[in-house]
Amino acid sequence: TQLLEQSPQFLSIQEGENLTVYCNSSSVFSSLQWYRQEPGEGPVLLVTVVTGGEVKKLKRLTFQFGDARKDSSLHITAAQPGDTGLYLCAGEGGAQKLVFGQGTRLTINP
Amino acid sequence: GAVVSQHPSRVICKSGTSVKIECRSLDFQATTMFWYRQFPKKSLMLMATSNEGSKATYEQGVEKDKFLINHASLTLSTLTVTSAHPEDSSFYICSADRAVGKTQYFGPGTRLLVL
């Protein structure tokens, strides 16, 4: 069974600080996706990483896929209150299924 | 961008009734759609894979007679919660697999409350 361990599960920091969320597995994934979810809404895709070692940037968000394609990280620079939400990593398992991490509930305090 | 809609967005029903939730891909065709359940402050749990023109594939522990899935067209999948009970109350989310880019796009979710 493929599992994704996401950490931390909860994070509360002040506006302007930097943070990193980790997504780790013992399994290899062909691709990994990061989503952000607001309360009462569905997840919204932020990025898909496919190649080992790949780094993608989305404004203040930097996503990295591990060389072995078993882990990934999301780094946010100068966090803002608008970044508050549930961040989910998901790896593509077999049969097109997504395996989700437990999620990281991020709160940015003004 | 790819858009997936769900209807209704929220529903309240009495115990014992059945509730149907629709998932539509609005601007692309999806041969495969997925149904998830999400408990408060938890991650998404895959319930089943909906395949257009064939039977759905259910995850272990999910009752197929309880959660009926129909994928009648390339843009529509439905989930029917039969004989709903309070423990079925949850947030149900669907996603549609867009072949290009191998990306799943999620609907906005349906909040079900069974009284």
Side-chain angles (χ1 to χ4, degrees), chain A residues 1-12 21-25 29-51 54 56 58 63 65 69 84-107, chain B residues 1-10 21 23-26 30-52 54 56-62 90-113:
Chain A
T1 303
Q2 293 175 302
L3 294 174
L4 274 170
E5 296 288 336
Q6 200 171 330
S7 64
Q9 294 189 33
F10 299 93
L11 184 59
S12 179
V21 177
Y22 299 94
C23 188
N24 297 303
S25 176
F29 289 94
S30 57
S31 68
L32 198 140
Q33 301 174 358
W34 285 91
Y35 294 86
R36 180 179 159 199
Q37 186 180 22
E38 302 276 1
E41 298 180 9
V44 175
L45 179 67
L46 295 175
V47 76
T48 300
V49 285
V50 178
T51 307
E54 183 176 4
K56 283 191 173 179
L58 187 66
F63 304 86
F65 201 13
R69 290 185 290 135
T84 294
L86 177 66
Y87 289 81
L88 297 158
C89 66
E92 183 183 334
Q96 303 168 279
K97 296 179 184 179
L98 287 180
V99 176
F100 277 88
Q102 303 98 317
T104 295
R105 190 162 297 277
L106 176 63
T107 302
Chain B
V3 179
V4 176
S5 70
Q6 273 183 249
H7 178 79
S9 58
R10 55 178 58 198
I21 303 170
C23 177
R24 293 181 186 273
S25 57
L26 297 184
T31 56
T32 305
M33 292 183 174
F34 301 88
W35 286 97
Y36 296 84
R37 184 172 179 176
Q38 187 175 31
F39 292 101
K41 300 186 179 180
K42 297 292 184 182
S43 188
L44 279 69
M45 181 187 76
L46 179 65
M47 298 174 65
T49 303
S50 173
N51 304 297
E52 187 270 335
S54 63
T57 305
Y58 290 82
E59 295 300 301
Q60 192 172 9
V62 178
S90 192
F91 194 50
Y92 292 88
I93 306 174
C94 73
S95 71
D97 187 63
R98 188 173 191 178
V100 176
K102 289 181 161 183
T103 299
Q104 284 189 32
Y105 292 90
F106 285 81
T110 295
R111 185 160 301 283
L112 170 64
L113 176 61

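In the text below, chain A, chain B and the rest are named by the order of the sequence lines, each starting its count at 1.
Looking at B:L46, the atoms closer than 4.5 Å to chain A (heavy atoms on both sides) all sit in the side chain, from C-beta outward. Residue A:L45 touches chain B through its side chain alone, counting heavy-atom pairs closer than 4.5 Å. Contacts of B:E59 with chain A are made by side-chain atoms alone, with heavy-atom separations under 4.5 Å and no backbone atom involved.
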(request) Could you walk me through whether A:Q37 and B:Q38 pass side chain to side chain donor-acceptor pair (under 3.5 Å), step by step? (result) CA-CA 12 Å; A:Q37 186 180 22; B:Q38 187 175 31; 2.8 Å; yes
Apply side chain to side chain contact (heavy atoms under 4.5 Å, CB included) to residues B:Q104 and A:Y35 and explain how you reach the verdict.
CA-CA 11 Å; B:Q104 284 189 32; A:Y35 294 86; 4.1 Å; yes
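Taking CG of B:D97 as the reference point, atom NZ of A:K97 lies at 13.0 Å (rounded to 0.5 Å). Rounded to the nearest 0.5 Å, atoms CG (A:L88) and CZ (B:F106) are 8.5 Å apart.
When all heavy atoms are compared, the tightest approach of B:S43 to A:Q102 is CB-O, 3.5 Å.
The environment of A:Y22 atom OH is sparse: at most 12 non-hydrogen atoms of other residues, nucleotides or ligands sit within 6.0 angstrom.
Your options are A:E38, A:Q6, A:Q9, A:R105, and the one with the most heavy-atom pairs under 4.5 Å with chain B is A:R105. Per-residue heavy-atom pair counts under 4.5 Å with chain A were compared for B:K41, B:K42, B:M45, and the maximum is reached by B:K41.
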